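Computed from a predicted structure; not experimentally measured. Numbers here are sequence positions counted from 1.
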Amino acid sequence: MKYPIVYYLLCVVLVSCYNQAKKQDESQQSIYPVIVEKWGVVTEKLDPNAQHEIENWTELKLLQLELTEKPQATLGSIRQKTEILSQKTSKVSETIPETLTSNELISRLKMLYSNIKMLDTQADQDYLNEQLLKEYSEKVVQSFNQFQKQLERQVLKKDIKFEQGAE
């Protein structure tokens, strides 16, 4: 051994890097239960007219079901959940019933999709920011609720009778 000090320093650096990575991993693991706890997507009950209008819209029902199921408290399951949600949101936007198609409803779906993608992007980072993950989880919930409210408004608009000549 020509350079014992170099070998010693190399060992010290490797051990300290390992310890640092282990500490970071442990702190990251504590974030997952917080995200799952914040995953409180409760689909609001739609009024009966809107419920009747969407009863055959299978893709929307699948999206609602996926949103209500909480992911497991692991990074992989959260990433998988956001990927599935973005796919289901795309399918919902492709299958909007003709009677409900409007720019407002489409924009709410796009907002939901973009919030899901922001959550997905944040979950793919090497270092997870707990505050941003909470914020984006809440935004997903808010955007889905806004989508549902817009859906109800769209059904109400559709049911309004126009006077003759007002069309």
Distance check, rounded to the nearest 0.5 Å: [X] atom [atom1] versus [Y] atom [atom2]?
{"X": "Asp120", "Y": "Ile116", "atom1": "CG", "atom2": "CD1", "answer": "9.5 Å"}
{"X": "Ser86", "Y": "Lys91", "atom1": "OG", "atom2": "NZ", "answer": "10.5 Å"}
{"X": "Glu94", "Y": "Glu59", "atom1": "CD", "atom2": "CD", "answer": "9.0 Å"}
{"X": "Leu105", "Y": "Glu152", "atom1": "CG", "atom2": "CD", "answer": "11.5 Å"}
{"X": "Ser114", "Y": "Leu109", "atom1": "OG", "atom2": "CG", "answer": "10.5 Å"}
{"X": "Gln154", "Y": "Leu100", "atom1": "CD", "atom2": "CG", "answer": "6.5 Å"}

Criterion side-chain contact (heavy atoms from CB on, under 4.5 Å) on Asn115 and Met118, from CA distance to verdict = CA-CA 5 Å; Asn115 284 329; Met118 287 190 305; 2.9 Å; yes

Please tabulate, for side-chain N and O atoms in residues 46-53, each donor-acceptor pair with protein atoms closer than 3.5 Å (sequence neighbours left out).
{"from": "Asp47", "atom 1": "OD1", "to": "Asn49", "atom 2": "N", "distance (Å)": "3.0"}
{"from": "Asp47", "atom 1": "OD1", "to": "Ala50", "atom 2": "N", "distance (Å)": "3.1"}
{"from": "His52", "atom 1": "ND1", "to": "Glu55", "atom 2": "OE2", "distance (Å)": "3.4"}
{"from": "Glu53", "atom 1": "OE1", "to": "Lys158", "atom 2": "NZ", "distance (Å)": "3.3"}
{"from": "Glu53", "atom 1": "OE2", "to": "Thr99", "atom 2": "OG1", "distance (Å)": "2.8"}

task = May I ask you to say whether Arg108 pairs ionically with Glu104, meaning some side-chain N is under 4.0 Å from a carboxylate O?
result =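 No.
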
query = Taking Lys81 for the side chain and Glu66 for the main chain, is one N or O donor matched with an acceptor at less than 3.5 Å?
reply =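 Such a contact is found between Lys81 side chain and Glu66 backbone.
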
Within 6.0 angstrom of Gln122 CD, more than 12 heavy atoms from elsewhere =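 Yes.
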
Quick check on the hydrophobic clustering: are [X] and [Y] connected, directly or via other members, by side-chain heavy-atom contacts under 4.5 Å?
{"X": "Tyr113", "Y": "Leu132", "answer": "no"}
{"X": "Val92", "Y": "Met111", "answer": "no"}
{"X": "Ile84", "Y": "Leu112", "answer": "no"}

request  = Apply salt bridge (charged side-chain N to carboxylate O under 4.0 Å, His left out) to Arg79 and Glu83, showing your working.
outcome  = CA-CA 6 Å; Arg79 287 178 179 164; Glu83 185 61 36; over 6 Å; no

For residues [X] and [Y], determine if any side-chain heavy atom of one lies less than 4.5 Å from a side-chain heavy atom of the other.
{"X": "Leu63", "Y": "Phe144", "result": "yes"}
{"X": "Leu119", "Y": "Ser137", "result": "yes"}
{"X": "Ile106", "Y": "Lys110", "result": "yes"}
{"X": "Val140", "Y": "Thr82", "result": "no"}

